[in-house]
Amino acid sequence: MSVERHDMHEQDIGAYLLGALSDEEHTRFVRHLRECHVCRDEADRLQPAVDALPRSVTPLVAPSAIKAAVMGEVEADVREREPRSLGRRLLDRLPRLPSVPARAASVTAAVLLVVGVAGGFGLSHVTSGDQERTFTASFDTDRVANGSGNLVIGGDENAGGTLRVHGMPSLSDNETYQVWLQRDGEVIPKAMFTVTGNGDGLTAVDDLDGAERVMVTREPAGGARSPSGPPVVSVEL
Amino acid sequence: MANLADEEIMHLVQEGDPRAFELFYDRHSGPAFSLAYRMVGNRTVAEDVSQEAFLSIWRSKLRYQPDRGSVRTWVLGIVHHRAIDALRRNTVHDKRRASAEGIEERFEARERTDVEAARRDEALTVRAALEDLPAEQCRVIELAYFGGFSHSQIADQLEMPIGTVKGRMRLGLDKLRTSLMSEPEPA
């Protein structure tokens with residue numbers, strides 16, 4: 001490593017430690033640090049000053065909503081840590097279904113979705129308030145790595161509920177998420193919704209009386225008459 | 001578990017223990033949110049930054065390495081990066097002043113515990129050391145660290161050469177280090 005190169009980079013130490021270099025400069029400087037012990041030693045010497053800076057801010061208490069949100073996601077992740085079953089592995093090998101008449105599609109879809117649910121989504125978690133119940137959604141972790149969400153149903157199931165999801169993959173302009181109800185062996189198409197750039201989505205789900213399961217699949221824009229594949233989200237009622 | 005050191009808690013967190021993670025969150029959420037808010041100046045964005053930082057620690061199992069500093073320093077480094085990302089996602093650094101939101105009055109840590117009192121004392125000490133720096137050195141450090149500005153942006157803002165900005169960053173950090181090293185250890 002030449003003296004000249006050291007002289008070129010030495011002036012960048014402060015900016016490097018403060019995160020004020022451009023991406024390209026940062027990459028070059030990190031490379032330089034590997035070969036220049038003088039700059040490495042100087043960076044190590046000044047690092048405690050940078051480490052002290054965040055401790056200069058006014059101490060605040062984090063709003064409780066942050067903990068509720070974070071621990072909600074953590075607990076959802078823990079519940080989904082079910083080992084992938086044989087059913088789940090087999091489901092991954094199922095071919096995409098061709099178009100079929102509605103009733104046959106409904107029965108087939110029910111089988112597909114039941115297999116999908118039995119395969120490895122895990123059990124939904126129910127919490128109850130005075131008038132409403134909350135069911136934790138399960139996610140296909142192969143397609144929704146960081147998903148979380150729930151279905152909140154009020155006291156009257158006929159009034160429906162609200163499905164909230166987070167961490168969902170973005171959709172193209174030609175796609176939509178579609179909700180399905182499974183009831184008495186039938187799979188019934190319900191609402192469609194999209195998600196924000198952060199992967200958050202919210203939709204009402206009506207007519208839940210007698211429903212066994214609520215599912216979400218990814219469909220072409222405009223929706224489908226039957227699910228085109230296994231669900232990405234499943235809520236067992 | 002409550003008596004475990006941060007490093008021991010981190011070991012459990014990295015094994016996916018949610019109770020250890022909750023304890024880890026309780027210990028570091030205040031400083032994390034405080035830094036996020038100081039940088040972005042907006043409560044909602046600060047909450048998002050804090051939430052993203054903690055969830056990234058939980059989900060990606062970012063590896064804490066003890067030889068690189070304390071757990072607190074490591075967490076605040078992650079928050080700092082997330083806050084800079086948030087600032088740079090806005091093309092204009094549009095920050096409201098904390099007093100305009102009144103957030104400090106609502107969320108300021110009162111000195112209910114020894115830990116909170118120690119945090120407040122430490123903040124006063126470090127702020128005093130920063131304010132003791134020559135004004136131009138303090139300014140470039142604050143713009144870089146808390147504002148997320150690059151050296152060239154700072155040079156433009158302050159209408160000075162880039163080399164001068166870089167020099168003042170380094171000199172300021174050197175003086176700050178010296179000042180803090182000469183502070184007596186807390187009792």
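Letters go in sequence order (proteins before strands), and every chain restarts at 1.
A salt bridge links B/Asp26 to A/Lys67: at least one charged side-chain nitrogen sits closer than 4.0 Å to a carboxylate oxygen. Residues B/Arg19 and B/Glu22 are paired through a salt bridge, judged by an N-O separation under 4.0 Å between the basic side chain and the carboxylate. Under the 4.0 Å criterion applied to side-chain N and carboxylate O atoms, A/Arg79 and A/Glu73 are not assigned as salt-bridge partners. The pair A/Arg45-B/Asp174 meets the salt-bridge criterion, with a side-chain N (NZ, NE, NH1 or NH2) lying under 4.0 Å from an Asp/Glu carboxylate O.
Interface residue B/Tyr25: only side-chain heavy atoms are found under 4.5 Å from chain A. With a 4.5 angstrom heavy-atom cutoff, B/Ile141 touches chain A via backbone and side-chain atoms both. At a 4.5 Å heavy-atom cutoff, the contact between A/Glu42 and chain B is made by side-chain atoms alone. Proximity to chain A (any heavy atom under 4.5 Å) is restricted, for B/Leu76, to the side chain, taken from C-beta onward. The contact between B/Thr73 and chain A is made entirely by side chain atoms (from C-beta outward), counting heavy-atom distances below 4.5 Å. With a threshold of 4.5 angstrom between heavy atoms, B/Leu130 approaches chain A through side-chain atoms but not through N, CA, C or O.
Counting heavy atoms of neighbouring residues, nucleotides and ligands inside a 6.0 Å radius, atom CZ of B/Arg27 exceeds 12 of them.
Note on B/Glu142, B/Arg127, B/Arg168, B/His81: by heavy-atom pairs under 4.5 Å with chain A, the leading option is B/Arg127. With respect to chain B, the highest number of heavy-atom pairs below 4.5 Å among A/Ile13, A/Asp44, A/Val50 belongs to A/Val50.
Using modelled atom types, no side-chain atom of A/Glu80 and backbone atom of A/Ser148 make a donor-acceptor pair closer than 3.5 Å.
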